[in-house]
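Only one structure is covered here, and it is reproduced in the block below.
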Amino acid sequence: MNGMETQETFPRIISVDDHTVEPAHVWRDRLPSRYHDTGPRIVRAPLKEMTFLGGKFAPVMGAPGDDGPIGDWWVYEDLHRPLTRLDTAVGYDRDEIRLEVITYEQMRPGSFSVPDRLADMDVNHVQSALCFPTFPRFCGQTFTEASDRELGLLCVRAYNDWMVEEWCGPEADGRLIPLTLVPLWDPELAAAEVRRNAARGVRAVAFSEIPPHLGLPSVHTDHWDPFLRACDETGTVIAMHIGSSSRMPSTSADAPPAVGSTITFANCCFSMVDWLMSGKFERFPNLRIMYAEGQIGWIPYILERADVVWEENRAWGGVADKVTRPPSELFAGHVFGCFFDDAFGLRNLDAIGVGNVLYETDYPHSDSTWPKSREVGEAQMGHLAPDAVERIVRGNAIELLGLSPEGLWRP
C-alpha cells in the first residue's frame, strides 16, 4: 500500500538540524580564571542600532544608560553579539517575529534548558535531535575570527565539553546528539579535536560550507587533509549548515532579508559542487557530509548538470585526474540533504535517493515547523511508502550518526 495508513504510523522524528542557545555559564565555568574577563560572557545592555541587509547582520551595543531596548549580549574580545528573537522564535506568531534583541527571560526555555527542550520535543513528535550552536555560529567562526588563538582553542574545547557532558549528558538520556566544533585555523588541531571527541562517541562535526568566504583554503587544496583523514578514520560526519560561511546568499547590499531567506539553499548548492569536483570522496572513501537546512528540491538538477560537465568537459575542466566516477555516484555514497519543508523535493525523491535525505525541525528558529513538524511530514510524505518515510524521518539518521537501533545517542 502506498502512503501511510494512519497518522499513528508516522515515525518518531530524529531531527538533524535543531539549535541550542548556549547558557551564560558555558565558558565562564570552563575557562581558566585568567580568561574570565576576556572569554565569552553575557552582558545586559541596550541596543543602539541593528540592521540585516544584503545578508549581513550588523548590531551595535549601546552604553549603560543609553536609550534603546535591553537585551543580553555575548561579549568576547571586540565582538558584541546580542541574543535576538530570530535565535528563538518558536511559540510566537509569525507576524510578531521581528529582528529585535531579547533577554534569556524573553525566550522559550527549551532554547537553553535540557528538560524544557525534551518537553518541547515531545510536543513535536521528536525523539532525538542534533543541535548546532548559536554564539559560536554554525561552525565556530566566532573563535576562528578571534585574535587570541590560545583562548580560541580553549573556547572550542570548552564548548565541546559542555555539548558532550552537559547538553547531551545524562539528563538528556540519549535524546540529544552531540555536534562538536574544531579550530578551523589549524587543520592538525582540528584533526586532534575530531579524534578527541570521537573517542567519547561523537560522530558529527561542524564545518563551513564555503571555507574561502572565511579567508580559509578551499576543499580543492590539500590543506584540509589532516582534518578530513580524521573524519574518514573515525566515521565522523561533516555537518554544514546554511550560513556557515558567514555569508548568507543575497543579490545586493540593499536586498531585504526576504531575498536571502528565499535562496538560503544557494551556498549548499555551490558547496556540494565543490565537494563533488574535489576528488576528496575518492581519496577518503569513508567521508560523508550533510547539508543542514539546505532543503533538497534543487539537488536533482545539480546532479544532472554535474554529470554532464564531468562527462563532456572533464578534460579541460580540471577534474579528469581526480574525479574518476560520475558526480551523481559520489553523491549517492557520500552526501546527505536535509529538509524541514520541501514538498517539491519529496515529489522528486527518486532523482535524489531515499537513502540520502534527512528530516529536521529547525527548533527554535523562525523557520521551524515546531510544533507541527509531524503534520508537515505527514502532508508532504503521504505519497511515499512507509519504509521510505521511516528512512527519511529516522532510519537514515540512525545509520549516519551511529545511533542505537532505538534512535538514541549512546557514548
Side-chain angles (χ1 to χ4, degrees), residues 1-19 89-91 94 108 110 114-132 168 172-177 179 204 237 239 290-297 299-300 336-410:
M1 176 179 179
N2 287 332
M4 294 165 285
E5 295 181 1
T6 68
Q7 290 191 350
E8 284 69 30
T9 64
F10 195 77
R12 291 283 305 279
I13 297 166
I14 297 179
S15 174
V16 296
D17 170 34
D18 285 359
H19 300 265
V90 293
R94 296 281 179 170
R108 193 170 184 87
V114 170
D116 292 287
R117 173 60 65 91
L118 298 182
D120 278 353
M121 289 163 61
D122 288 339
V123 169
N124 201 30
H125 199 64
V126 173
Q127 179 187 23
S128 307
L130 180 84
C131 296
F132 284 82
C168 301
D173 195 26
R175 297 183 62 190
L176 295 173
I177 306 162
L179 171 70
V237 180
M290 56 172 271
Y291 286 102
E293 208 172 323
Q295 312 302 340
I296 60 174
I299 291 175
F336 294 79
C338 312
F339 77 99
F340 58 80
D341 186 358
D342 191 342
F344 179 83
L346 289 166
R347 290 196 300 270
N348 293 275
L349 187 62
D350 287 348
I352 302 169
V354 69
N356 296 84
V357 175
L358 306 168
Y359 198 40
E360 58 186 39
T361 79
D362 196 31
Y363 178 105
H365 282 183
S366 59
D367 267 341
S368 178
T369 51
W370 185 93
K372 299 182 180 299
S373 301
R374 173 181 178 171
E375 289 83 349
V376 171
E378 288 171 340
Q380 297 189 354
M381 300 183 214
H383 65 290
L384 299 175
D387 62 332
V389 176
E390 174 77 18
R391 292 189 67 180
I392 292 169
V393 173
R394 57 184 290 112
N396 291 336
I398 288 173
E399 179 182 350
L400 181 65
L401 299 171
L403 305 179
S404 73
E406 297 77 27
L408 301 173
W409 178 65
R410 299 300 187 199

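P300 and I352 get closest at one heavy-atom pair: CG-CG1, 3.6 Å. A89 approaches H365 most closely through the heavy-atom pair CB-C, 4.1 Å.
Residues passing the ring pair (Phe, Tyr, Trp, His ring centres under 6.0 Å) test with F339, sequence neighbours excluded: Y359. Applying the side-chain hydrogen bond (donor to acceptor under 3.5 Å, both in side chains) criterion to S366, with sequence neighbours excluded, gives no partner residue. Applying the side-chain contact (heavy atoms from CB on, under 4.5 Å) criterion to I398, with sequence neighbours excluded, gives I14, R394, L403. With sequence neighbours excluded, no residue forms a ring pair (Phe, Tyr, Trp, His ring centres under 6.0 Å) with Y291. Scored by the salt bridge (charged side-chain N to carboxylate O under 4.0 Å, His left out) test, D120 finds R108 as partners (sequence neighbours excluded). For A343, the side-chain contact (heavy atoms from CB on, under 4.5 Å) partners are R347, Q380, not counting sequence neighbours. Under the side-chain contact (heavy atoms from CB on, under 4.5 Å) criterion, D17 pairs with H19, F132, H241, A292, E293, E360, D362, sequence neighbours left out. Under the side-chain hydrogen bond (donor to acceptor under 3.5 Å, both in side chains) criterion, S373 pairs with N124, T369, not counting sequence neighbours. Judged as a ring pair (Phe, Tyr, Trp, His ring centres under 6.0 Å), and not counting sequence neighbours, the contacts of W370 are Y363. Every residue was checked against the side-chain hydrogen bond (donor to acceptor under 3.5 Å, both in side chains) condition with D173, not counting sequence neighbours, and none meets it. Residues passing the side-chain hydrogen bond (donor to acceptor under 3.5 Å, both in side chains) test with D367: none are found, sequence neighbours excluded.
Atom-to-atom distance recorded for R374:CZ and T361:OG1 is 15.0 Å, nearest 0.5 angstrom. Atom CG of D350 sits about 9.0 Å away from atom CG of L384, to the nearest 0.5 Å.
With hydrogens and angles ignored, the 3.5 Å screen pairs no side-chain donor or acceptor of H125 with any backbone N or O of P371. Judged purely by atom type and a 3.5 angstrom limit, D342 uses its side chain to pair as donor or acceptor with the backbone of G297. The main-chain N or O of N396 is never found under 3.5 Å from a side-chain atom of R391 such that the two would form a donor-acceptor pair.
Applying the side-chain contact (heavy atoms from CB on, under 4.5 Å) test between C131 and each of D18, L179, I177 identifies D18 as the sole match.
A salt bridge links D122 with R175: the distance from a Lys NZ or Arg NE/NH1/NH2 to an Asp or Glu carboxylate oxygen falls below 4.0 Å.
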